[in-house]
Novice: 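Attaching a single structure in structure tokens format; questions to follow.
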Amino acid sequence: MNRGVLLNGLLSLTARLSLPVAHAIGAALGWLLWRVPNEARRIAARNLMLAFPEMPAGDRNRLLRDNLMETGKLLLELGPLWLWPGARVLALVPGAAAGEQALAEAARRKRGAILLTPHLGAWEMAGLYYSSRYPLTILYRPSRLGLDELSVQGRGRLGGKVVATDARGVRTLLTSLRHGEILGILPDQDPGDEGGVFAPFFGIAASTMTLVSRLALKTRVPVFLTWAERLPRGRGYALHLRALPEVTAAASLEESAAALNQGVEAAIRTLPAQYLWVYKRFKTRPPGAAKLY
């Protein structure tokens with residue numbers, strides 16, 4: 001069977017579940033990932049050791065367990081978030097994000113803004129929430145899993161405009177900013193050997209995208225960081241939002257990228273169990289540096 005068809009079928013199946021049941025099943029699957037040796041556990045354990053070397057081994061193992069359980073919830077909540085009616089999804093957010101007034105003011109004045117949604121908590125929920133309230137253009141990296149059509153549909157169904165990470169997509173981002181709209185960008189993907197600079201992230205030189213910094217320095221629009229915290233027992237999500245003025249006010253591209261990573265790291269430290277530690281964030285290394293995975 002085609003992998004995309006299979007995944008679409010699984011998402012449709014999970015969309016039949018309530019959020020508490022979806023999260024309970026996801027947590028159980030994540031617990032199994034923690035108990036049985038596998039690649040996801042190996043990568044997450046390595047990342048946690050790199051990011052928190054000072055943490056006692058027992059505490060780090062408990063964080064690994066909690067993180068894999070949250071990762072299971074992440075997978076099981078995709079169906080509900082992408083396929084439920086919009087009103088039902090938005091009802092999962094009990095209130096506006098603290099500090100959202102600054103973003104709302106930028107939208108009202110049509111100044112343009114960049115909204116960063118790192119792989120922390122339920123970033124799909126964050127995108128849906130903000131796209132229902134503001135003119136939002138969302139950048140995404142095409143997937144090899146056969147989910148592009150469904151993910152673009154799911155992410156854009158409450159008003160967001162979804163564009164791919166290619167030359168056409170970047171042009172669309174610039175046009176949207178000039179029209180005073182808001183951009184939604186995942187800022188913590190490894191761009192590889194090209195298209196990035198090395199900047200500190202948890203004390204490690206991490207290949208960091210320059211797109212956000214180039215746009216911010218070129219247009220001087222405000223930059224915000226947001227994440228949707230997954231609440232216990234499937235009760236919904238709490239939104240957090242912070243301004244990152246240092247990204248726009250930086251004197252150089254490298255300084256701006258470092259400020260971006262610092263802001264993302266500070267957010268992760270408030271909710272480390274809900275970060276995507278199964279991702280090889282430090283895969284690309286500086287010339288001559290040893291591999292970390």
Novice: Under 3.5 Å, side chain of Arg60 to main-chain N/O of Phe52, donor-acceptor pair present?
Specialist: yes
Novice: At what distance, to the nearest 0.5 angstrom, does CG of Leu186 lie from CG of Leu120?
Specialist: 11.0 Å
Novice: Side-chain contact, heavy-atom cut-off 4.5 Å: Thr117 with Ile138?
Specialist: no
Novice: Side chains of Leu33 and Arg41, heavy atoms from C-beta outward: is any pair under 4.5 Å?
Specialist: no
Novice: Quick one: are Gln101 and Leu241 in side-chain contact, heavy atoms under 4.5 Å?
Specialist: no
Novice: Taking atom CD of Glu229 as the centre, does the number of heavy atoms from other residues, nucleotides or ligands within less than 6.0 Å exceed 12?
Specialist: yes
Novice: Tell me whether Arg285 contacts the main-chain N or O of Ala205 through its side chain, where contact means a donor paired with an acceptor under 3.5 Å.
Specialist: yes
Novice: Counting only N and O atoms by type, is there a donor-acceptor contact under 3.5 Å from the side chain of Ser207 to the main-chain atoms of Phe198?
Specialist: no
Novice: Compare every heavy atom of Ala22 with every heavy atom of Leu17, then report the nearest pair and how far apart it is.
Specialist: CD1-CA, 4.1 Å
Novice: Using the rule given for side-chain contact (heavy atoms from CB on, under 4.5 Å), can you reason through Leu158 versus Leu90, listing the C-alpha separation, both sets of side-chain angles and the distance that settles it, and then say yes or no?
Specialist: CA-CA 10 Å; Leu158 298 187; Leu90 294 175; 4.0 Å; yes
Novice: What distance do Arg111 atom CZ and Leu177 atom CG have between them, rounded to the nearest 0.5 Å?
Specialist: 11.5 Å
Novice: Got a second to check how far Asn261's CG is from Ile204's CD1, nearest 0.5 Å?
Specialist: 11.0 Å
Novice: If you take all heavy atoms of Trp277 and Asn47, which pair is closest and at what distance?
Specialist: O-ND2, 2.6 Å
Novice: Answer yes or no: is there a side-chain heavy-atom contact under 4.5 Å between Tyr134 and Glu100?
Specialist: yes
Novice: Could you walk me through whether Arg157 and Val89 satisfy the side-chain contact (heavy atoms from CB on, under 4.5 Å) test, starting with their C-alpha distance in whole Å, then the side-chain angles of each, then the deciding distance to 0.1 Å, before giving a yes or no?
Specialist: CA-CA 11 Å; Arg157 66 199 180 96; Val89 171; 3.4 Å; yes
Novice: Search all heavy atoms of Pro191 against all heavy atoms of Met209 and return the closest pair with its distance.
Specialist: CG-N, 3.8 Å
Novice: Can you confirm whether Lys161 sits close enough to Glu181 that some side-chain heavy atom of one is under 4.5 Å from a side-chain heavy atom of the other?
Specialist: yes
Novice: Output the distance between atom CG (Leu173) and atom CZ (Arg214), rounded to the nearest 0.5 Å.
Specialist: 14.0 Å
Novice: If I take atom CG from residue Leu74 and atom CG from residue Leu68, how far apart are they, to the nearest 0.5 angstrom?
Specialist: 11.5 Å
Novice: Using only atom types and a distance under 3.5 Å, with no angle test, would you say the side chain of Trp227 pairs donor to acceptor with the backbone of Val264?
Specialist: no
Novice: Is the side chain of Arg220 donor-acceptor paired with the backbone N or O of Thr248 at a distance under 3.5 Å, no angle test?
Specialist: yes
Novice: Can you confirm whether Arg235 is buried at CZ, in the sense that more than 12 heavy atoms of other residues, nucleotides or ligands lie under 6.0 Å from that atom?
Specialist: yes
Novice: Would you compute the distance between atom CD1 of Ile43 and atom CG of Asn38 and round it to the nearest 0.5 angstrom?
Specialist: 9.0 Å
Novice: What I'd like to find out is whether the side chain of Leu83 reaches to under 4.5 Å of the side chain of Ser12, using heavy atoms alone.
Specialist: yes
Novice: List, by chain and number, the other hydrophobic cluster members for Val36, where Ile, Leu, Val, Met, Phe, Trp and Tyr join if side-chain heavy atoms come within less than 4.5 Å, directly or indirectly.
Specialist: none
Novice: What I'd like to find out is whether the side chain of Glu124 reaches to under 4.5 Å of the side chain of Trp82, using heavy atoms alone.
Specialist: yes
Novice: Where is the tightest heavy-atom contact between Pro118 and Leu225, given as atom of each residue plus distance?
Specialist: CD-CD1, 3.4 Å
Novice: For the pair Asp188 and Tyr279, evaluate side chain to side chain donor-acceptor pair (under 3.5 Å) and give the outcome as yes or no after the intermediate values.
Specialist: CA-CA 10 Å; Asp188 53 342; Tyr279 175 65; over 6 Å; no
Novice: Keeping the roles fixed (side chain from Trp31, backbone from Arg65), state whether a donor-acceptor pair exists under 3.5 Å.
Specialist: no
Novice: Hey, does the side chain of Thr14 reach the backbone of Leu11 with a donor-acceptor pair shorter than 3.5 angstrom?
Specialist: yes
Novice: Would Leu215 and Val221 satisfy side-chain contact (heavy atoms from CB on, under 4.5 Å), going step by step from the backbone distance to the final call?
Specialist: CA-CA 8 Å; Leu215 290 172; Val221 298; over 6 Å; no
Novice: Would you indicate whether Lys280, at its atom NZ, is surrounded by more than 12 heavy atoms from other residues, nucleotides or ligands within a distance under 6.0 Å?
Specialist: yes
Novice: Do side-chain atoms of Glu265 reach the backbone of Phe202 as a donor and acceptor pair under 3.5 angstrom?
Specialist: yes
Novice: Check whether Tyr293 reaches the backbone of Phe282 with its side chain - one donor and one acceptor, N or O, closer than 3.5 Å.
Specialist: yes
Novice: Are Leu81 and Leu276 linked, directly or through other ILVMFWY residues, by side chains that come within less than 4.5 angstrom of each other?
Specialist: no
Novice: Does Gln274 use its side chain to pair, donor to acceptor, with the backbone of Arg230 at less than 3.5 Å?
Specialist: yes
Novice: Check the pair His23, Leu76 against side-chain contact (heavy atoms from CB on, under 4.5 Å), reporting the backbone distance first and the verdict last.
Specialist: CA-CA 6 Å; His23 277 179; Leu76 268 289; 5.7 Å; no
Novice: Return yes if a side-chain donor-acceptor contact under 3.5 Å exists between Asn61 and Trp34, otherwise no.
Specialist: yes
Novice: Same cluster for Leu50 and Leu63 if Ile/Leu/Val/Met/Phe/Trp/Tyr side chains link at under 4.5 Å?
Specialist: yes
Novice: At their closest point, which heavy atom of Ala250 faces which heavy atom of Glu255, and how far apart are they?
Specialist: CA-OE2, 3.4 Å
Novice: Between Leu211 and Leu139, is there a side-chain heavy-atom distance shorter than 4.5 Å?
Specialist: yes
Novice: Looking only at non-hydrogen atoms, find the nearest pair between Ser18 and Arg88 and report the distance.
Specialist: CA-NH2, 4.4 Å
